[in-house]
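Along the sequence shown, residues carry numbers from 1.
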Amino acid sequence: MLNRLEMLRIFMAAAETGSFKQAAIQLGISPQAVTRAIQELERLQGEMLFHRNTRQIRITEFGEQLASRAGDSLRQVDALFATEHGQQTSEFEGVVHLTAPKALGRIGLLPVLADIAMRHPGLRIDLNLSDTPAHVIDERIDIGVRFGLLQDSRFVARKVAKHAFHVVGTPGLIARVGAPAHVRDLESLPTTVMHDETTGRGWPWLFRGGQRFTPAKPTFTSNDSEAERDAVLSGLAFGQIAGFLADSHIAAGELVPLLQAFAPEPWDLCVYRPQRGPVPKRVRAVFDGLVKALSDKGR
């Protein structure tokens, strides 16, 4: 069963060529398919579209009126898939909506997204950076990046890397107040904490075996992980900082890793997208590009 748009295209080919056979050749279908499409369209319209005999066809007055209206409609449909220059629209053209943690988005994603966008003209990136996980379905996000494996069956998730979290402080801070030997020692030391905007409370520090510590009176509180890192770098307080923010400073001797015997298991970094029908090529290109670039193998 042909859809109505296909029937109109067949009808227009027959009207323009004046021949069912030529219409079939032009469209790459059989003459019988053209005949069936015209007969079905005539049934739907309740009018004859062509006078025909064994030698020729001639469009009817009603057919001419329909051809005039159908021609305009088909040109409008074709215009939806063409650029201003009459070229076919890029299969990657359109917006891809993403969400990611603030610091990771700025440091790890922006160069990757810029490279993907430059390789696919017409692709547009809409990146929402937040350390509060987005409601992907409600906010119509195409792709998300976050720490921790998603268990929600509505998502297609790929684990791409593992990232450690370090308790760190500057050499100057350690010289001034001493270094913690146990998690409980943090209670009497200056600390930082990330503010959870969804609950109004601080994010707990995580340690091996499920142990947690939430600073009761943090010296510095922020909703931005880079700001927290910078506060720790200034020597203001100890903090638990993601490896991708702290590793270079540890290597340079600017930060000292502490409580390593209590360090939590590294967190999975996941790239995910909702399962909601066919995946546009632009979304797949960005998804696959991020998986490759952020994976351990891609480093």
Side-chain angles (χ1 to χ4, degrees), residues 79-163 194-198 222-230 241-248 267-299:
L80 295 174
F81 300 95
T83 65
E84 293 179 357
H85 305 290
Q87 298 173 335
Q88 197 70 16
T89 301
S90 167
E91 59 190 353
F92 296 99
E93 186 166 339
V95 181
V96 176
H97 302 275
L98 302 101
T99 182
K102 292 179 182 177
L104 183 65
R106 288 191 285 260
I107 296 172
L109 266 64
L110 285 178
V112 178
L113 293 173
D115 178 67
I116 295 171
M118 285 188 288
R119 284 189 281 111
H120 300 296
L123 178 65
R124 291 176 286 148
I125 301 296
D126 178 10
L127 177 60
N128 173 43
L129 295 179
S130 175
D131 290 318
T132 301
H135 296 288
V136 172
I137 301 297
D138 295 341
E139 297 178 23
R140 299 183 181 276
I141 298 295
D142 296 307
I143 300 171
V145 180
R146 65 170 287 181
F147 290 105
L149 183 62
L150 285 82
Q151 303 296 332
D152 196 321
S153 61
R154 295 177 299 172
F155 299 123
V156 175
R158 291 283 301 276
K159 291 191 293 184
V160 295
K162 289 183 178 292
H163 286 267
M194 280 286 290
H195 179 71
D196 183 352
E197 296 178 350
T198 61
S222 178
N223 67 343
D224 185 277
S225 52
E226 286 182 290
E228 182 188 26
R229 186 271 318 273
D230 291 345
I241 308 297
F244 69 88
L245 286 172
D247 287 343
S248 63
W267 284 24
D268 291 316
L269 180 67
C270 293
V271 180
Y272 63 99
R273 59 175 174 80
Q275 292 193 78
R276 52 184 178 206
V279 182
K281 288 192 176 182
R282 66 181 184 277
V283 174
R284 187 171 296 281
V286 175
F287 184 88
D288 292 345
L290 287 176
V291 167
K292 181 179 179 181
L294 297 177
S295 68
D296 287 330
K297 288 191 250 183
R299 294 179 169 218

Could you give me the CA-CA distance, side-chain angles and deciding distance for Ile116 and Leu123, then say whether side chain to side chain contact (heavy atoms under 4.5 Å, CB included) is met? CA-CA 8 Å; Ile116 295 171; Leu123 178 65; 3.8 Å; yes

Dump the intermediate steps for salt bridge (charged side-chain N to carboxylate O under 4.0 Å, His left out) on Glu93 and Arg124, then the final yes or no. CA-CA 7 Å; Glu93 186 166 339; Arg124 291 176 286 148; over 6 Å; no

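In this structure, Arg158 does not pair ionically with Asp288, as no charged nitrogen and carboxylate oxygen lie closer than 4.0 Å.
The CH2 atom of Trp267 lies 12.0 Å from the NE2 atom of His163; values are rounded to the nearest 0.5 Å. To the nearest 0.5 Å, atoms CG (Asn128) and OG1 (Thr99) are separated by 4.5 Å.
Leu269 is not listed as a side-chain neighbour of Lys162, based on a closest heavy-atom distance of 4.5 Å or more. Side-chain contact between Ser225 and Leu245 is present, with heavy atoms from C-beta onward closer than 4.5 Å. Looking at Leu98 and Leu290, their side chains come closer than 4.5 Å, going by heavy atoms from C-beta outward. Contact check for Leu110 versus Leu127: side-chain heavy atoms found under the 4.5 Å cut-off.
When all heavy atoms of Ile125 and Ala117 are compared, the pair lying nearest together is CG1-CB, 4.4 Å. In terms of heavy atoms, Leu294 sits closest to Gly108 at CD2-O, 4.1 Å. Here the shortest heavy-atom pairing between Val112 and Gly289 reads CG1-O, 4.0 Å. Annotation for Leu104 and Phe244: closest pair N-CE1, 3.7 Å, computed over non-hydrogen atoms. Counting all heavy atoms, side chain and backbone alike, Ala100 lies closest to Leu109 at CB-CD2, 3.5 Å.
By the 6.0 Å contact criterion, NZ on Lys102 is enclosed, its count of non-hydrogen atoms from other residues, nucleotides or ligands being greater than 12.
Qualifying side-chain hydrogen bond (donor to acceptor under 3.5 Å, both in side chains) partners for Arg284, counting only residues two or more places apart in sequence or in other chains: none. Residues satisfying the side-chain hydrogen bond (donor to acceptor under 3.5 Å, both in side chains) criterion with Asp230, sequence neighbours excluded, are absent altogether.
If you check the side chains of Asn223 and His195, you find no donor sitting under 3.5 Å from an acceptor.
Between the side chain of Asp142 and the backbone N or O of His97, at least one donor-acceptor pair lies under 3.5 Å. Checked by atom type and distance alone, the side chain of Asp224 pairs as donor or acceptor with a backbone atom of Glu226 at under 3.5 Å. Remark: side-chain polar atoms of Arg282 are paired, donor with acceptor, to backbone N or O of Val95 under 3.5 angstrom.
Note: Tyr272 and Phe155 have perpendicular aromatic rings, judged against thresholds of 30 and 60 degrees for the angle between ring planes.
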